Amino acid sequence: MHFPGRFSEQLVADRLDRISVSFLVDDLEVRRGGVAANIAFGMGVLGQAPVLVGAVGTDFAEYRDWLGKHGVDCAGVHISQSAQTPRFTCTTDDDQCQIASFYAGAMSEARSIRLEPLVRSHGVDLVLVGANDPDAMLAHTEECRALGVAFAADPSQQLPRLDGEQCRTLVDGATYLFTNEYEWELLTRRTGWDAGEIAARVGLRVTTLSDRGVDLVESDGTTRHVDVVPARRVVDPTGVGDAFRAGFLAGIAADLPLERSAQLGSLVATHVLETTGTQEWVIDPADAANRLREAYGATAADEIGPVLDAALDGSARSRPDAAAGA
């Protein structure tokens with residue numbers, strides 16, 4: 001929402017202990033989101049078959065239909081009978097100051113979801129454990145270890161909530177570790193492990209660097225850097241990190257090399273950066289191939305091309321429920 005004024009002019013400094021304010025807003029935009037849903041949406045659009053795992057409320061029906069039309073299997077979604085789907089509500093004023101709230105709602109019930117039935121029925125190759133109820137994150141990570149299923153650690157927004165032991169539990173043994181630059185620094189402080197110690201515990205560290213691209217650091221210290229796909233315009237950075245993960249994991253699932261997967265992730269991230277909303281982007285295979293060619297060369301465009309060709313058409317995205325998870 002947008003408030004056409006300044007919050008600071010509505011607050012009385014010596015009456016903040018009795019604050020009671022209401023802002024008449026002139027704009028309301030409702031957007032679909034959620035870390036797991038954003039990543040699953042992107043993978044589905046790119047022709048993969050992701051299985052969404054999370055807890056929602058009975059108000060999820062329309063969102064479920066949307067995700068299903070975009071290649072997402074919602075077999076792992078738990079429907080709460082007492083709470084609504086989590087949501088973030090934010091009002092911004094003319095100075096770009098924000099007053100916001102996050103309703104966790106059904107999220108705490110995610111800890112009751114078991115992965116074993118999904119792994120057995122869907123042939124899951126990789127579980128991404130993203131920001132969720134902390135107990136759910138820990139439980140799902142431990143279940144992956146018990147099942148012998150590869151997992152990606154992506155604690156992101158929950159890092160401030162996690163203590164050192166919890167962070168170490170989520171990271172140790174991960175096939176992939178996803179963070180942005182700030183989260184990487186926070187993670188090393190939380191775990192007490194330096195870069196070398198973390199490298200010895202994960203298969204690949206993937207650290208996004210905003211407009212400077214992404215670093216891929218393997219367990220032996222081998223480092224690859226991938227630059228961004230230049231944006232034609234910058235509209236909204238919300239969900240860019242989720243979009244990168246979707247493209248990267250779609251590339252991995254399509255058997256692309258690490259560097260090509262990161263280039264695909266960067267392409268999808270740029271599409272989201274150029275769009276308002278996290279799931280409103282549309283990818284045109286021919287235009288996307290040209291952008292890859294300009295950013296990374298003809299060989300990269302040719303090798304990533306088959307994944308782009310499998311992307312859902314933005315004008316008529318409809319496909320059966322996915323039969324496998326990644």
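The basis for the numbers below is simple: all heavy atoms, side chains too, and nothing from hydrogens, waters or symmetry mates. Remember, predicted model here, so these are calculated numbers, not experimental data.
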Main-chain N/O of [Y] paired with [X] side-chain donor or acceptor, under 3.5 Å:
X      : Y      : result
His140 : Ile113 : yes
Glu274 : Val234 : no
Glu143 : Glu116 : yes
Arg201 : Glu197 : yes
Ser219 : Val202 : no
Asn38  : Gly34  : yes

Assess whether atom [atom1] of [X] is packed by more than 12 heavy atoms of other residues, nucleotides or ligands within 6.0 Å.
X      : atom1 : value
Arg114 : CZ    : yes
Ile19  : CD1   : yes
Arg145 : CZ    : yes

Quick check: is [Y] connected to [X] through a chain of hydrophobic side chains (ILVMFWY, heavy atoms under 4.5 Å apart)?
X      : Y      : result
Tyr103 : Leu28  : no
Ile99  : Leu24  : no
Leu209 : Val268 : no
Val35  : Leu249 : yes
Leu264 : Val228 : no

Side-chain contact test, heavy atoms from C-beta onward, threshold under 4.5 Å: evaluate it for [X] versus [Y] and give yes or no.
X      : Y      : answer
Thr191 : Ile198 : yes
Ile283 : Leu267 : yes
Gln10  : Phe3   : yes
Glu183 : Ser156 : yes
Arg31  : Glu29  : yes
Pro50  : Ile39  : no
Leu16  : Asp14  : no
Ser266 : Val226 : yes

Report task. Would you check, one step at a time, whether the test side chain to side chain contact (heavy atoms under 4.5 Å, CB included) holds for Thr208 with Glu181? Result -> CA-CA 6 Å; Thr208 56; Glu181 196 170 17; over 6 Å; no
Any idea which heavy atoms bring [X] and [Y] closest together, and the distance?
X      : Y      : result
Leu187 : Leu159 : CD1-CD2, 3.8 Å
Glu109 : Ser82  : OE2-OG, 3.6 Å
Ser80  : Ala106 : CB-CB, 3.7 Å
Gly251 : Ser261 : C-OG, 3.2 Å
Leu308 : Ala288 : CD1-CB, 3.8 Å
Ala231 : Leu273 : CB-CD2, 4.0 Å

In Å and rounded to the nearest 0.5 Å, what is the [atom1] to [atom2] distance from [X] to [Y]?
X      : Y      : atom1 : atom2 : result
Met43  : Asp242 : CE    : CG    : 13.0 Å
Asn180 : Glu185 : CG    : CD    : 10.5 Å
Arg212 : Asp227 : CZ    : CG    : 10.5 Å
Ile304 : Arg293 : CD1   : CZ    : 11.0 Å
Cys74  : Leu67  : SG    : CG    : 5.0 Å
Asn132 : Leu138 : CG    : CG    : 10.5 Å

Query - Salt bridge present between Arg87 and Asp59 (N-O < 4.0 angstrom) - result: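 Yes, this pair counts.
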Query - Pair Asp194 + Arg189, salt bridge at N-O below 4.0 Å - result: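 Salt bridge: no.
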Report task. Would you please test Asp215 and Arg224 for salt bridge (Lys or Arg N to Asp or Glu O under 4.0 Å) and show each step? Result -> CA-CA 6 Å; Asp215 283 339; Arg224 297 180 179 87; over 6 Å; no
Report task. Begin with the C-alpha distance, continue with both residues' side-chain angles, and end with the deciding distance and a verdict on salt bridge (Lys or Arg N to Asp or Glu O under 4.0 Å) for Asp255 and Arg260. Result -> CA-CA 10 Å; Asp255 295 324; Arg260 297 290 183 248; over 6 Å; no
Flag for [Y]-[X]: side-chain donor and acceptor within less than 3.5 Å:
X      : Y      : result
Thr275 : Glu280 : no
Thr207 : Arg205 : yes
Arg161 : Gln158 : no

Query raised in the report: Under the salt bridge (Lys or Arg N to Asp or Glu O under 4.0 Å) criterion, do Arg6 and Asp94 qualify, and how do the steps go?
Result: CA-CA 6 Å; Arg6 294 178 172 84; Asp94 284 341; 5.6 Å; no
Query raised in the report: Looking at Thr92, Asp93, Asp26, which one forms a side-chain hydrogen bond (donor to acceptor under 3.5 Å, both in side chains) with His2?
Result: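 When side-chain hydrogen bond (donor to acceptor under 3.5 Å, both in side chains) is applied between His2 and each of Thr92, Asp93, Asp26, only Asp26 qualifies.
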Report task. Determine the interplanar angle of the Phe60 and Tyr63 rings, folded into 0 to 90°, and report it as parallel if under 30°, tilted if 30 to 60°, perpendicular if over 60°. Result ->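 The rings of Phe60 and Tyr63 sit tilted, inter-plane angle from 30° to 60°.
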Query raised in the report: Where does the angle between the aromatic ring planes of His70 and Phe41 fall among parallel (under 30°), tilted (30 to 60°) and perpendicular (over 60°)?
Result: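 Answer is tilted, since the angle falls between 30° and 60°.
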**Report entry** Side-chain cluster (under 4.5 Å, hydrophobic types only) that Phe88 belongs to, other residues
**Finding:**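 Members besides Phe88, by chain and number: Phe102, Met107.
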Report task. For Glu294 and Arg291, run salt bridge (Lys or Arg N to Asp or Glu O under 4.0 Å): C-alpha distance rounded to whole Å, both residues' side-chain angles, the deciding distance at 0.1 Å, then the answer. Result -> CA-CA 5 Å; Glu294 292 172 357; Arg291 299 185 74 170; over 6 Å; no
Query raised in the report: What do the steps show when you test Thr222 against Val217 for side chain to side chain contact (heavy atoms under 4.5 Å, CB included), and what is the final call?
Result: CA-CA 6 Å; Thr222 300; Val217 183; over 6 Å; no
Requested in this report: Would you sort out whether Leu11 and Val21 count as a side chain to side chain contact (heavy atoms under 4.5 Å, CB included), showing the intermediate values?
Outcome: CA-CA 8 Å; Leu11 303 176; Val21 294; 4.3 Å; yes
Query raised in the report: Could you walk me through whether Val53 and Val77 pass the side chain to side chain contact (heavy atoms under 4.5 Å, CB included) check?
Result: CA-CA 5 Å; Val53 177; Val77 174; over 6 Å; no
Requested in this report: With sequence neighbours excluded, tell me which residues meet ring pair (Phe, Tyr, Trp, His ring centres under 6.0 Å) with Phe151.
Outcome: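 So Phe151 forms no ring pair (Phe, Tyr, Trp, His ring centres under 6.0 Å) with any residue.
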